[in-house]
There are 2 protein chains.
Amino acid sequence: MCAIRSGLSSGKRTGRPRSAAADRAILAATRSALAEVGWSRLTLGDVAARAGVAKTTLYRRWPGKNELVVDAVAALFEEQLELPDRGSLEADIRGVVLRFAELLDRPETRTALMAVIAEATHDDALRLRIRAAIVDRQKHLVVLGRKRAQQRGEIPPDDPADPADPENPSDPSDPDAPAGGAAAPWRDNLIFDVVAGAVVHRVMVSSEPVDEEWARRLAGLLVVGLGGLHTARNLF
Amino acid sequence: MCAIRSGLSSGKRTGRPRSAAADRAILAATRSALAEVGWSRLTLGDVAARAGVAKTTLYRRWPGKNELVVDAVAALFEEQLELPDRGSLEADIRGVVLRFAELLDRPETRTALMAVIAEATHDDALRLRIRAAIVDRQKHLVVLGRKRAQQRGEIPPDDPADPADPENPSDPSDPDAPAGGAAAPWRDNLIFDVVAGAVVHRVMVSSEPVDEEWARRLAGLLVVGLGGLHTARNLF
DNA sequence: GCAGTTACGCTACGGGTCGTAGCGAAAGAC
DNA sequence: GTCTTTCGCTACGACCCGTAGCGTAACTGC
C-alpha cells in the first residue's frame, strides 16, 4: 500500500510530517462513499469532503481514483491474515471460504474489488498494486492450508521426483513458483483460483449468500477432488 | 438486451424505423473503445464518434454507459450457445472451460465484465440485465453437461427421494431452482460458480492463461469431486 | 529561539464529459 | 402526399477533473 512517497530516498525526513489520521480518515471516507454511491459515481471531491481534508491533500498522496480505492480496500485485507488450524483440510477450506466471504459481505469490498480488477486490465502498475496488497495475502492462506494438510498426512508431502509443470517451468519470474517453495505450486494456484473464484462468483454473479452449507459443499468437492489429483494424478 | 423501447405498447409502429445498422455500429464501437481505453476512460461521445452516429442517438437507445456496455458484451455471448458433446463429463467440462476462456480472451470482455458486475452492486436493474443476457446462457451449459453425464451413467440420475436443499427450499422465486427442473439444482449452481469463477479468477486476478493443461487439471478436480459428492453425499 | 523544510487548507482555473433541449431534414408507414 | 418517428447537428448548464498558487501550520536541526 502506501500512496506517493514524499521523501526522496532514505528514512530521515525533515519538515512537517504527514498526518496519519488524515490517511485513515481518507481511506475510511473512501470505503464509506464507495458503499453508498458505488464506483462510477465516486468523486474525489466527495471523498475529501467526507474525510474533512482538502482535495489537494488527496492528490498529494494518491495519483488517482484507482490507486486510492485499492489502498482503501487493501486495508480490509490487512487485519486478519492468519487462519486458525481447524484440525482438518476440509475444515480449513471451509474456514478460508467463510473468511473470504466475510470480506465480500461488506458492500464497499464488493463494489471496489471488481472495479479495480476491471481497471487493472489496462494498468499494469495497478495490477501489481492489487497483487501485492490483496492477492498474495489470500494466496498465502492456501499455501498454509496445504502445508497443514501435508503435516497431518491428509495429502502426500511434496515429491521431489514430481516433475515440474512442463507448461510452468521453474522460471524465477514464474508466478506459479514464488509462493511456498513447493514442488508442485500449480496445485496451490489451482485451488486458489477455484476457491477465491467460486466465492466471488457466488457472491457477485449468482448473488447468493456464502453460508455454512455452501462452504461445506465446496470444501467437500475440493477435498475429494484433491485426493483424486494425488492418487490418480496421471489419470487425466 | 434491447435498448429503450420507443413505441409505447404493442408491436406495430409507424414512422421511420430505427437503423439496425446503427445499433450494430454502436455496439461494435463500444467494444472497440472498451478494449482500447478501458472502462473508466470510456466516454459516450467517443463511442458515438467511432460509430459514426450522433451522441443524441446513443442516448435515445440506452439510458447510460452501464446498459450500453452490458449489451455490447452480451452480443459476444449470443453467438455460441451450444456445446458439442465430447463424449465424457470430463471432456465436456474442459470444453466449457475453454469456451468461456475464449470469450475472456478478448480484452473488451475482460474489461467490461468486471466493470458491469461492479456497477451491478448498486443497480438492481443492471443485475437483472446481466443475468438475462450473460449469466443464464452460461449456466445453461452446465445443466446441459450434467444431463449428458446422467444419460451416460457417469453420475446418478436425479433422485426424487433426494431431499431438496433445506437452505434452498423449492421457492418459486428461488434462483437455485428455475434452471433445469433438476431435483438437486444446488449441484448445478455449485459447479457453475466453481467453473466460471475459477476461469474468471485465473484470467483476471492471477493473470495466467487458461490453456488445455489447466483446463484438464480443473476438469479432473471436478470430475473426481463430483463423484465424491454423489457417492458420499452425506460425508460432510 | 530561529531558519529551513515540508504538509496543509483554501481558492481559483481551464478542460473535459455529462445528459438534455431544440431544430430541420430524412426515412419509412399509411 | 401526409403523418410519424428517427436522425444529425448545435448549443447549453452542470458537474468533475487535476493542477497551480498562496498563506499558514507543524516539525527538524542548528
Side-chain angles (χ1 to χ4, degrees), chain A residues 2-27 29-30 33-34 36-69 115 119 122-123 125-126, chain B residues 2-27 29-30 33-34 36-69 115 119 122-123 125-126:
Chain A
C2 319
I4 300 176
R5 254 17 211 122
S6 53
L8 287 172
S9 55
S10 57
K12 280 253 176 168
R13 283 170 42 245
T14 175
R16 175 177 176 176
R18 284 191 173 169
S19 163
D23 262 342
R24 277 180 274 116
I26 291 172
L27 293 178
T30 302
L34 212 46
E36 281 185 28
V37 303
W39 166 268
S40 61
R41 295 172 198 267
L42 180 75
T43 68
L44 296 193
D46 183 30
V47 171
R50 287 166 184 256
V53 302
K55 195 174 61 166
T56 46
T57 299
L58 228 156
Y59 279 100
R60 288 191 189 103
R61 306 189 181 199
W62 286 276
K65 196 162 132 177
N66 294 334
E67 292 78 5
L68 172 61
V69 170
E119 289 301 314
H122 292 270
D123 189 336
L126 188 63
Chain B
C2 326
I4 299 176
R5 253 17 209 127
S6 54
L8 286 172
S9 56
S10 56
K12 280 252 178 172
R13 283 170 42 245
T14 175
R16 175 177 177 176
R18 284 191 174 170
S19 163
D23 261 343
R24 277 179 275 116
I26 291 172
L27 293 177
T30 303
L34 212 46
E36 282 185 27
V37 304
W39 166 269
S40 61
R41 295 172 199 268
L42 180 75
T43 68
L44 295 193
D46 183 29
V47 171
R50 287 167 184 257
V53 301
K55 195 175 62 167
T56 47
T57 299
L58 229 155
Y59 279 101
R60 288 190 189 103
R61 306 189 181 198
W62 285 275
K65 196 161 131 178
N66 294 333
E67 291 79 5
L68 172 61
V69 170
E119 290 301 315
H122 293 269
D123 188 337
L126 188 63

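Throughout, a chain's letter reflects where its sequence line sits, starting with A, and its residues are numbered from 1. Because only heavy atoms are used, hydrogens play no part in the values below, and waters and symmetry mates are left out as well, while side chains stay in.
- Ranked by how close their nearest DNA chain C nucleotide is to the 5' end, A:Gly52 and B:Pro17 are led by A:Gly52.
- Look at CG on A:Leu58: it is 10 Å from P on C:dG9, rounded to the nearest Å.
- In this structure, the CH2 atom of A:Trp62 is 16 Å from the P atom of D:dT19, given to the nearest Å.
- For A:Thr57 and C:dG9, the shortest distance from a side-chain N or O to OP1 or OP2 is below 4.0 Å.
- Distance A:Arg16 CZ to D:dA26 P: 6 Å, rounded to the nearest Å.
- Of the candidate nucleotides D:dC16, D:dG8, D:dG21, D:dG21 has the atom lying nearest to any side-chain atom of A:Thr56.
- Two residues, B:Gly15 and B:Leu44, neighbour DNA chain C, and the one matched to the more 5' nucleotide by heavy-atom proximity is B:Leu44.
- With rounding to the nearest 0.5 angstrom, the CG atom of B:Leu34 is 11.5 Å from the CG atom of B:Leu27.
- When all heavy atoms of A:Lys65 and A:Ser40 are compared, the pair lying nearest together is NZ-O, 3.9 Å.
- The OH-P distance, from B:Tyr59 to D:dC9, rounds to 17 Å in whole Å.
- Nearest to the side chain of A:Thr43, among D:dC16, C:dG4, C:dC10, sits D:dC16.
- With rounding to whole Å, A:Lys55 atom NZ is found 7 Å from D:dG18 atom C1'.
- Between the CG atom of A:Leu42 and the P atom of D:dC15 there is a distance of 17 Å, given to the nearest Å.
- Distance, A:Arg18 CZ to C:dT6 P: 12 Å, rounded to whole Å.
- Regarding A:Arg41, its CZ atom lies at a distance of 13 Å from the P atom of C:dC18, rounded to whole Å.
- Going from atom NZ of A:Lys55 over to atom OG1 of A:Thr43 covers 8.5 Å, rounded to the nearest 0.5 Å.
- Taking all atoms of both residues into account, the shortest heavy-atom contact from B:Glu67 to B:Asp123 is OE2-OD2, 4.1 Å.
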